[in-house]
Amino acid sequence: MKIAFIGLGNMGGGMAANLAKAGHEVHAFDLSEDALARARDNGCHTYTSVREAVQGAEAIVSMLPNGKIVETVFEGDVIGHAPTSAPLLDCSTIDVATARKVAADAAKAGYAMVDAPVSGGIAAANAGTLTFMVGGSDAAFARAQPILSAMGKAVIHAGEGGAGQAAKICNNMILGATMIATCEAFALADKLGLDLQTFFDISSKASGQSWSMTSYCPVPGVGPQSPADNGYQGGFAAALMLKDLKLAMEAAGSVGANVPMGQRAEELYEAFAAAGNGGVDFSGIIRTL
Ligand code: NAD
């Protein structure tokens with residue numbers, strides 16, 4: 001299948017490579033020359049504009065930084081330029097309102113579109129083991145599913161347009177809050193004189209258990225291998241966690257939802273990032289507690 005791929009950064013680079021590996025003809029575009037060179041090394045054909053890349057494409061996939069860019073790219077260079085028979089798959093993490101607006105505009109112009117944000121970081125993008133949360137009609141989901149499957153281990157239909165983004169930010173709001181709660185508990189356990197491995201052994205089998213504890217423990221040398229064992233480098237940057245919490249707060253404000261824990265998590269990650277830790281793994285917030 002001829003697939004146009006727009007946005008070949010940390011995530012999109014690996015995803016486009018996996019589509020090429022699966023036998024698709026990938027027509028790739030990014031503003032960065034380095035990203036284009038890497039895509040060529042990974043078997044993609046590269047183009048000098050979005051409009052060129054989407055010409056004659058049978059599907060369009062994007063992995064871009066934010067909603068404003070997604071809107072500009074789709075409204076300016078994809079809708080009306082790609083064949084209407086090509087489904088549009090935006091995998092970026094963006095605000096729910098923009099995802100719904102772009103999908104509605106695409107539908108008006110005759111395209112099927114899904115929002116398909118991912119769970120899993122750069123390693124999962126490279127390995128093709130992402131989880132996709134998909135918003136769109138049943139028909140659009142059915143067309144997107146086989147393409148997404150070539151880049152991930154799970155593809156879940158969350159509901160109508162925007163539902164993928166809604167699921168993603170609600171999930172990451174839990175993650176931000178539980179990571180901070182887990183860090184606090186380890187810091188308190190330490191001050192109370194508990195051995196931290198012993199506390200992990202207890203809490204990971206008791207009601208304090210969560211993914212933040214058992215899969216991504218913020219304490220070096222405790223639990224499975226995690227960014228804590230690597231000086232909080234790699235993993236999921238605090239700046240990206242902050243981005244997702246901001247999107248969650250924006251969405252909560254738009255529907256009048258009461259999210260005090262999410263709000264506090266946003267404030268704490270804001271302060272953490274402002275202190276120069278935006279590039280540090282989000283579990284590194286334990287150093288401030
Ligand atoms: P990135 O900054 O590495 O990549 C974005 C790419 O988009 C860059 O290469 C940039 O040059 C390109 N770009 C920007 N504007 C463009 C345009 N107009 N046309 C073409 N290309 C353009 O970011 P990333 O880490 O790959 O993240 C991409 C998306 O995935 C974001 O929405 C992010 O929130 C989400 N996400 C990231 C992670 C992660 O761990 N990095 C995890 C889950 C979701």
Side-chain angles (χ1 to χ4, degrees), residues 4-18 26-40 42 44 46-54 60-79 81-82 88-96 98-99 102 115-134 148 151-154 164-165 167-173 175-176 216 226-227 232-248 250 269 273 278-283:
F5 201 111
I6 304 157
L8 308 159
N10 288 320
M11 298 291 290
M15 293 163 70
N18 283 323
V26 180
H27 290 206
F29 176 70
D30 194 289
L31 297 175
S32 148
E33 267 308 319
D34 288 350
L36 289 171
R38 182 179 157 215
R40 278 192 293 274
N42 287 327
C44 303
T46 60
Y47 291 82
T48 53
S49 71
V50 172
R51 289 188 191 185
E52 263 187 44
V54 303
I60 321 291
V61 182
S62 59
M63 193 54 163
L64 293 161
N66 60 49
K68 203 154 188 53
I69 294 175
V70 168
E71 188 174 357
T72 305
V73 165
F74 277 89
E75 308 265 346
D77 294 320
V78 176
I79 295 172
H81 298 278
L88 313 181
L89 287 60
D90 178 39
C91 300
S92 327
T93 301
I94 68 168
D95 59 288
V96 176
T98 301
V102 176
D115 49 294
V118 306
S119 175
I122 299 163
N126 289 334
T129 55
L130 293 165
T131 294
F132 290 89
M133 309 159 215
V134 187
L148 297 174
M151 301 182 283
K153 64 172 186 234
Q165 299 295 351
K168 162 84 185 173
I169 58 173
C170 289
N171 179 74
N172 278 22
M173 189 172 78
L175 179 61
Y216 212 95
S226 72
Y232 302 100
Q233 296 308 305
F236 185 46
L240 288 174
M241 171 50 81
L242 179 60
K243 172 192 170 180
D244 293 354
L245 287 168
K246 281 185 183 299
L247 290 174
E250 199 180 311
Y269 276 109
V280 171
D281 181 75
F282 82 117
S283 65

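Both counts, for ligands and for their atoms, begin at 1 and track the order of listing.
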Under 3.5 Å: donor-acceptor pair, side chain of Asn172, backbone of Met241: no
Under 4.0 Å from ligand 1, counting heavy atoms only, is it the side chain of Asp244, its backbone, both or neither? neither
Check whether Ser92 reaches the backbone of Leu64 with its side chain - one donor and one acceptor, N or O, closer than 3.5 Å. yes
Any N or O of Thr93 that comes nearer than 3.5 Å to an N or O of ligand 1? yes
With rounding to the nearest 0.5 Å, note down the distance linking CZ in Phe5 to CE in Met151. 5.5 Å
Considering distance alone, does some N or O of Ala35 sit under 3.5 Å from an N or O of ligand 1? no
Identity and separation of the nearest protein heavy atom to atom 26 (O) of ligand 1: Met11 N, 2.8 Å
Is atom 18 (N) of ligand 1 in close reach of the protein, with a heavy atom under 4.0 Å away? yes
With atom 29 (C) of ligand 1 as the reference point, say which of Asn172, Asn10, Leu31, Leu64 has the nearest heavy atom. Leu64
Checking a contact table here: which protein heavy atom is nearest atom 40 (O) of ligand 1, and how many Å away? Gly121 CA, 3.7 Å
Using a 4.0 Å heavy-atom threshold (strictly under), name the region of Val73 that reaches ligand 1: side chain, backbone, both or neither. side chain
For the side chain of Tyr269 and the backbone of Phe282, is there at least one donor-acceptor N/O pair under 3.5 Å apart? yes
Closest protein heavy atom (residue, atom, distance) for atom 41 (N) of ligand 1: Leu240 CD1, 3.4 Å
Main-chain N/O of Ala238 paired to Lys243 side chain as donor or acceptor, under 3.5 Å: no
Run the numbers for me: atoms of ligand 1, each under 4.0 Å from some heavy atom of Val118, listed by number. 43 (C), 44 (C)
When only distance counts, is Asp30 in polar contact with ligand 1, meaning an N/O pair under 3.5 Å? yes
Ranking Gly7, Pro65, Cys91 by closest non-hydrogen atom to atom 5 (C) of ligand 1, top hit is Pro65
Between Asn42 and Arg38, is there a donor-acceptor pair closer than 3.5 Å when you use the side chain of the first and the backbone of the second? yes
Atoms in ligand 1 flagged as close to Ile6, the criterion being non-hydrogen separation under 4.0 Å: 20 (C)
Using atom types as modelled and distance alone, determine if a side-chain donor or acceptor of Asp77 lies under 3.5 Å from a backbone N or O of Arg51. no
Any protein heavy atom lying closer than 4.0 Å to atom 7 (O) of ligand 1? yes
Between Gln165 and Ile94, is there a donor-acceptor pair closer than 3.5 Å when you use the side chain of the first and the backbone of the second? yes
Return the residue, atom name and 0.1 Å-rounded distance of the protein heavy atom closest to atom 30 (O) of ligand 1. Met63 CE, 3.1 Å
Are the side chain of Lys168 and the backbone N or O of Ala116 linked by a donor-acceptor pair below 3.5 Å? no
Compute the shortest N/O to N/O distance between Lys168 and ligand 1 and return yes if it is under 3.5 Å, no if not. no
Answer yes or no: is there a donor N or O on one side and an acceptor on the other, between the side chain of Asp115 and the main chain of Cys91, under 3.5 Å? no
To the closest 0.5 Å, what do you measure between CD1 (Ile6) and CD1 (Ile60)? 6.0 Å
Gly120 heavy atoms within 4.0 Å reach ligand 1 at atoms 42 (C), 43 (C)
Which residue and heavy atom of the protein sit nearest atom 4 (O) of ligand 1, plus the separation: Gly9 CA, 3.3 Å
Numbering as shown, the atoms of ligand 1 that approach Phe29 to under 4.0 Å (heavy-atom distance): 19 (N), 20 (C)
Show the numbers, then the answer: is there a side chain to side chain donor-acceptor pair (under 3.5 Å) between Asp281 and Ser283? CA-CA 6 Å; Asp281 181 75; Ser283 65; 2.6 Å; yes
Under 3.5 Å between some N or O of ligand 1 and some N or O of Lys243? yes
